[in-house]
Amino acid sequence: MRLSRYFLPVMKETPADAQIVSHKLMLRAGLIRQTAAGIYAWLPLGLRVLKKIERIVREEQDRAGAVELLMPTVQSADLWRQSGRFDAYGPEMLRFPDRHGREMLYGPTNEEMITTIFLEAVRSYRDLPRTLYHIQWKFRDEVRPRFGVMRGREFLMKDAYSFDLDDEGMRASYEAMFVAYLRTFARMGLQAVPVRAPTGPIGGDLSHEFHILADTGESALFYDAAIEEVSRDELLSADTSTIARLTGLYAMEEEEHAKVSDCPVPPERLRSRRGIEVGHIFAFGSKYSKSMGLSVQNAEGAQVHPQMGSYGVGVSRLMGAIIEASHDEAGIVWPDSVAPFRVGLINMRADDGNCASAADELYGRLRDAGIDTLYDDRDERGGAKFATMDLIGLPLQLVIGPKGVEKGIVELKRRATGEREELSLESAMARLSE
Ligand code: P5A
């Protein structure tokens with residue numbers, strides 16, 4: 001992509017309305033723009049990252065055996081009356097009538113809808129177990145939308161729903177999602193702490209939240225330092241034993257921790273830090289299958305209510321969490337897996353014909369090799385180009401300047417480490433094609 005043709009409205013000044021670093025950087029780097037309180041437009045660069053995050057989430061859901069579908073954002077109030085949640089949900093739910101005066105709402109979650117879809121299709125134990133998921137926009141009219149996409153009113157969520165014949169099956173589905181979550185966050189370069197959670201309005205008794213440690217997190221956590229020692233490789237190859245190990249280690253939200261009279265963690269290992277909740281999973285048994293009238297015939301011919309769970313990931317919130325975890329004074333440092341482009345190509349001297357044709361040629365070769373490149377071909381000072389590249393945080397920068405061009409050399413800089421090396425065009429291409 002040529003920057004001269006792209007849409008990347010970066011900001012030099014730090015926006016006054018942003019309090020935390022990820023929100024500031026998302027605005028400055030041209031990822032999002034606010035259009036109303038807690039509602040954001042995703043600009044081209046931000047959309048690319050959102051799609052990358054979404055892709056990792058999707059791949060891990062698929063790997064766990066979940067099946068993707070897509071449910072609508074607008075729902076009928078009738079659905080929610082059946083479960084009793086229409087009145088219980090309160091002012092966080094955005095409600096509006098359609099032209100016939102029927103009460104509608106913008107979905108804050110989809111337990112009722114998926115249960116109804118399931119019940120119209122499934123009659124027998126042979127159709128179980130199943131886990132279905134979608135990645136869809138939600139609306140929650142938060143009292144205090146803040147910190148940009150961290151607590152938005154409109155936000156993107158992955159929500160999965162499992163249906164099992166019995167409690168044992170439900171626990172197996174829950175564990176499969178638990179593993180998927182550990183892998184999902186590890187692939188984004190994040191260390192997630194699973195915290196035993198109270199369930200709130202979703203219901204049930206088995207629930208975990210997944211938190212990314214960051215000073216700007218909204219939750220206060222107490223946990224065993226051993227949690228931080230679980231390596232990325234272990235998380236990527238997580239199985240039930242990893243879950244047992246992690247959930248065996250202490251991690252609680254402050255309010256829950258306060259209720260514990262005898263904390264099992266020795267003081268030297270007890271850590272207190274803030275966390276960003278990027279995922280939340282629930283096993284709630286027959287709460288919705290009962291209220292929505294979903295039952296299936298088991299092997300003995302009896303009608304039973306499936307045991308269900310629901311599993312959420314804050315897809316748009318993750319972008320903020322990744323930036324909180326990975327930035328420096330100059331800007332964002334994207335992990336490779338979610339970077340909007342892999343390479344930023346900088347022509348230092350747009351006014352120098354040799355530089356411009358060398359940069360054009362290299363850009364063409366990168367494109368042919370299928371390497372995602374943002375090419376800063378604008379008529380701007382080199383310094384401004386460097387600052388923009390550092391701000392938007394692409395993993396690799398390739399710099400073409402007049403001295404190098406004479407010798408057939410480009411400079412390769414790694415954003416994360418600042419490490420630079422001079423390479424011939426050929427070896428630069430070979431390096432990037434690895
Ligand atoms: C689980 C899936 C649920 O809604 N029903 C379907 C269950 N859980 S939850 O914890 O309420 O939300 C799941 C995740 O969504 C993100 N999230 C938000 N992200 C941005 N802005 C918000 N206002 C917001 N509210 C929730 C969180 O990451 C949460 O873990």
Side-chain angles (χ1 to χ4, degrees), residues 20 22-23 26 32 34 36-40 42 50 53-54 57 61 66 69 71 73 75 80 83 85 88-94 106-115 131-163 173-174 177-178 180-181 184-185 188 190 192-204 206-212 214 216-219 221 253 275-284 287-288 308-322 324:
I20 63 172
S22 58
H23 188 197
M26 287 184 78
I32 53 166
Q34 190 179 78
I39 304 181
Y40 294 86
W42 296 84
L50 194 64
I53 293 175
E54 207 181 303
V57 170
Q61 290 295 298
L69 80 170
M71 291 179 272
T73 53
Q75 306 188 21
W80 287 67
S83 69
R85 279 209 294 182
Y89 215 93
E92 261 191 29
M93 184 187 270
L94 178 64
Y106 195 119
T109 177
N110 288 63
E111 279 81 4
E112 284 80 357
M113 188 180 279
I114 193 76
T115 307
T131 297
L132 300 171
Y133 76 97
H134 72 163
I135 300 176
Q136 178 63 290
W137 295 93
K138 304 286 185 287
F139 196 95
R140 293 184 184 174
D141 207 348
E142 302 275 352
V143 208
R144 277 220 299 162
R146 57 179 189 156
F147 299 163
V149 299
M150 289 281 196
R151 184 165 295 280
R153 294 200 296 164
E154 189 184 56
F155 61 96
L156 190 59
M157 190 200 288
K158 182 285 300 179
D159 38 327
Y161 303 88
S162 66
F163 299 86
S173 297
Y174 187 88
M177 278 293 137
F178 204 122
Y181 279 37
T184 298
F185 303 131
M188 295 171 190
L190 296 171
V193 176
V195 176
R196 179 85 199 218
T199 53
I202 307 285
L206 177 57
S207 176
H208 286 88
E209 295 172 357
F210 293 80
H211 285 266
I212 304 308
T216 50
E218 292 192 290
S219 322
L221 305 177
E253 282 214 66
I276 302 167
E277 184 202 305
V278 290
H280 198 164
I281 61 178
F282 305 81
F284 43 69
K287 178 175 167 171
Y288 297 94
M308 294 175 56
S310 74
Y311 314 88
V313 168
V315 174
S316 47
R317 176 179 288 184
L318 267 169
M319 200 181 308
I322 292 168
E324 289 293 329

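All residue numbers refer to positions in the sequence shown, counting from 1. Whatever order the structure lists them in is the order used to number ligands and atoms, beginning at 1.
- Here R196 contributes atom CZ and E253 contributes atom CD; the two are 13.5 Å apart, rounded to the nearest 0.5 Å.
- The side chain of M157, and not its backbone, has at least one atom closer than 4.0 Å to an atom of ligand 1 (non-hydrogen atoms only; side chain from C-beta on).
- Residue contact annotation: Y161 has a non-hydrogen atom under 4.0 Å from ligand 1.
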message = Is there a salt bridge (Lys or Arg N to Asp or Glu O under 4.0 Å) between E154 and K138? Walk through the geometry before answering.
response = CA-CA 6 Å; E154 189 184 56; K138 304 286 185 287; over 6 Å; no
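- Under 3.5 Å, the side chains of H208 and Y174 contain a donor-acceptor pair of N or O atoms.
- In this structure, E142 does not pair ionically with R153, as no charged nitrogen and carboxylate oxygen lie closer than 4.0 Å.
- Of the polar atoms of E142, at least one N or O is found under 3.5 Å from an N or O of ligand 1, judged by distance alone.
- The ligand atoms of ligand 1 that sit less than 4.0 angstrom from a heavy atom of Y311 are 1 (C), 2 (C).
- By the 3.5 Å distance cut-off applied to N or O atoms, P108 is not counted among the residues near ligand 1.
- A salt bridge is defined here as a Lys NZ or Arg NE, NH1 or NH2 lying under 4.0 Å from an Asp or Glu carboxylate O, and E218 with R146 meets this definition.
- The option from G314, A160, A321, P145 that lies nearest to atom 16 (C) of ligand 1, judged by heavy atoms, is G314.
- Donor-acceptor pairing under 3.5 Å is lacking for the side chains of E209 and S207.
- Proximity of E277 to ligand 1, defined as any heavy-atom pair under 4.0 Å, is shared by backbone and side chain alike.
- For ligand 1, one of its N or O atoms has an N or O atom of H280 under 3.5 Å away.
- Using a 4.0 Å cut-off to heavy atoms of G279, the atoms of ligand 1 that qualify are 30 (O).
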Go through Y311 and S162 one step at a time and tell me if the side-chain hydrogen bond (donor to acceptor under 3.5 Å, both in side chains) criterion holds. CA-CA 8 Å; Y311 314 88; S162 66; 2.7 Å; yes
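- Per-residue contacts place V149 under 4.0 angstrom from the following atoms of ligand 1 (heavy atoms of the residue considered): 20 (C).
- With ring centers used as reference points, F155 lies 6.0 Å or more from W137.
- Looking at R151 next to ligand 1, no N or O pair under 3.5 Å apart turns up.
- One finds a salt bridge joining R85 and E112 here, because a Lys/Arg side-chain nitrogen approaches an Asp/Glu carboxylate oxygen to under 4.0 Å.
- When non-hydrogen atoms are compared, ligand 1 lies under 4.0 Å from neither the backbone nor the side chain of I281.
- Residue-level proximity to ligand 1 for R153 is absent, since no heavy atom of it falls below 4.0 angstrom.
- Note: H23 and Y40 have perpendicular aromatic rings, judged against thresholds of 30 and 60 degrees for the angle between ring planes.
- At a 4.0 Å heavy-atom cut-off, ligand 1 does not touch K138 at all.
- Looking at V278 against ligand 1, only its backbone comes within 4.0 Å, counting heavy atoms.
- Taking the centre of each ring, H280 and F210 stay at or above the 6.0 Å mark.
- Of all atoms in ligand 1, numbered sequentially from 1 with element shown, those under 4.0 Å from a heavy atom of D159 are 2 (C), 6 (C).
- The distance from ligand 1 to the heavy atoms of E111 drops below 4.0 Å at these ligand atoms: 5 (N), 6 (C), 7 (C).
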